[in-house]
Amino acid sequence: MQKQVILITGTPCVGKTTTSKLLTEKLSAEYINLTEYVKVNNLTLGEDKQRQTTIVNEKALTEKLAETIVQLEKENIVVDGHFAASVTPADLVDYVFVLRRNPKELKQLMLKSGFSESKIYENLAAEILDTCLVEALQTQKNVCEIDVTGKNVENVVKEIVDALDNPKKCVSGFVDWLGLLENEGLTDEYLKI
Ligand SMILES: Nc1ncnc2c1ncn2[C@@H]1O[C@H](COP(=O)(O)OP(=O)(O)OP(=O)(O)O)[C@@H](O)[C@H]1O
Ligand SMILES: [Mg+2]
């Protein structure tokens, strides 16, 4: 396998960091967690108090990230972050994996992780409406979706490595949480926007 730059994206709490760390180990890669990278490199513009989130200086982040990736050109690099697709220059990226999780399971994980109610519904809407997938498809090539629902991290990483070895396994467009919730009469309970 050639040296590659791999983005791991997906809705907050979907399992990006857990997955990225094991993938990093398996590929002997460099690991970049964008949340930490933004803090360490002081790439913030301030806080959005209402949305309980940090405002990232995306232009500065893109420039700095490009510099780092070019410097590490002889290494596999795993970039972990829900905005990885929109801030990493596409010409430097080989594959984008969008992790997807059934909203029912995602809600349980967010509750366990102590997310506020408003964050839970903001993130559930993003997952149900394919926000990270759409962003990846608009900005990058080789976008692969991985449905991580009910899978342990070893199996998720195995699927990613399989897709890297066999690009035919890199597919997207098969996840339909909206359809699934509609079938179960749960749309109003999960999609509050
Ligand atoms: N495959 C998995 N199976 C079960 N639980 C998982 C799995 N992957 C991650 N988790 C759990 O889900 C929670 C969120 O995982 P993680 O921190 O990796 O998500 P994240 O996408 O990086 O979140 P954030 O966007 O907030 O950084 C953690 O409690 C973690 O232990
Ligand atoms: Mg994370």
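These values consider heavy atoms only, across backbone and side chains, with no hydrogens, waters or symmetry-generated copies. Note that ligands are numbered from 1 as they come in the structure, with each ligand's atoms numbered from 1 the same way.
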(request) Please could you name the atoms of ligand 1 that Pro12 approaches to less than 4.0 Å, counting only its heavy atoms? (result)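 By the 4.0 Å cutoff, the relevant atoms are 25 (O).
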(message) I'd like to check which ligand 1 atoms, numbered from 1 as shown, lie under 4.0 Å from a non-hydrogen atom of Val153.
(response)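 Taking each heavy atom of Val153 in turn, ligand 1 has 1 (N) under 4.0 Å.
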(message) Going by side-chain contact (heavy atoms from CB on, under 4.5 Å), Tyr37 matches just one of Val40, Asn41, Thr35. Which one?
(response)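 Of Val40, Asn41, Thr35, side-chain contact (heavy atoms from CB on, under 4.5 Å) with Tyr37 is met by Asn41 alone.
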Which residue owns the protein heavy atom closest to [atom], what's the atom, and how far is it?
{"atom": "atom 6 (C) of ligand 1", "value": "Arg101 NH2, 3.9 Å"}
{"atom": "atom 5 (N) of ligand 1", "value": "Leu109 CD2, 4.2 Å"}
{"atom": "atom 27 (O) of ligand 1", "value": "Thr17 OG1, 3.9 Å"}
{"atom": "atom 24 (P) of ligand 1", "value": "Cys13 N, 3.6 Å"}
{"atom": "atom 20 (P) of ligand 1", "value": "Lys16 N, 3.4 Å"}
{"atom": "atom 28 (C) of ligand 1", "value": "Ser113 OG, 4.6 Å"}

Side chains of [X] and [Y], heavy atoms from C-beta outward: is any pair under 4.5 Å?
{"X": "Val148", "Y": "Phe97", "value": "no"}
{"X": "Thr149", "Y": "Trp177", "value": "yes"}
{"X": "Leu191", "Y": "Leu124", "value": "no"}
{"X": "Leu65", "Y": "Leu34", "value": "yes"}
{"X": "Leu133", "Y": "Ser172", "value": "yes"}

(message) Tell me whether Glu122 is salt-bridged to Lys119, with the criterion being a basic N under 4.0 Å from an acidic carboxylate O.
(response)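 Judged by the 4.0 Å cut-off on N to carboxylate O distance, Glu122 and Lys119 do form a salt bridge.
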(message) If the threshold is 4.0 Å, N to carboxylate O, is there a salt bridge linking Asp94 and Lys3?
(response)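 Between Lys3 and Asp94 there is no salt bridge, as every charged N stays at least 4.0 Å from the carboxylate O atoms.
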Residue-level breakdown please: for [X] versus ligand 1, do any non-hydrogen atoms fall below 4.0 Å on the side chain, on the backbone, on both, or on neither?
{"X": "Thr18", "answer": "both"}
{"X": "Asn152", "answer": "backbone"}
{"X": "Glu105", "answer": "neither"}
{"X": "Lys151", "answer": "backbone"}

(request) For Val14 and ligand 1, answer yes if some heavy atom of the residue is under 4.0 Å from a ligand atom, otherwise no. (result)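 A heavy atom of Val14 does come that close to ligand 1.
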Quick one: pull up [atom1] in [X] and [atom2] in [Y] and give me the separation to the nearest 0.5 Å.
{"X": "Asp165", "Y": "Ile160", "atom1": "CG", "atom2": "CD1", "value": "12.0 Å"}
{"X": "Ile69", "Y": "Lys64", "atom1": "CD1", "atom2": "NZ", "value": "12.0 Å"}
{"X": "Glu189", "Y": "Leu181", "atom1": "CD", "atom2": "CG", "value": "9.0 Å"}

(request) Have a look around the Mg ion (ligand 2) and list protein N/O/S atoms under 2.8 Å, or say none. (result)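 Only Thr17 OG1 fall inside 2.8 Å of the Mg ion (ligand 2).
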(message) Check this for me - ligand 1, Gly15, N or O atoms closer than 3.5 angstrom, yes or no?
(response)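 Yes, at least one N or O pair falls under 3.5 Å.
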Residues 22-31, side-chain donor-acceptor partners within the protein, below 3.5 Å, at least two apart:
residue : atom : partner : partner atom : Å
Thr24   : OG1  : Ser20   : O            : 2.6
Tyr31   : OH   : Asn33   : ND2          : 3.0
Tyr31   : OH   : Asp80   : OD2          : 2.5

(message) Tell me whether the count of non-hydrogen atoms from other residues, nucleotides or ligands lying under 6.0 Å of CD in Gln50 goes above 12.
(response)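 Incorrect, the count does not exceed 12.
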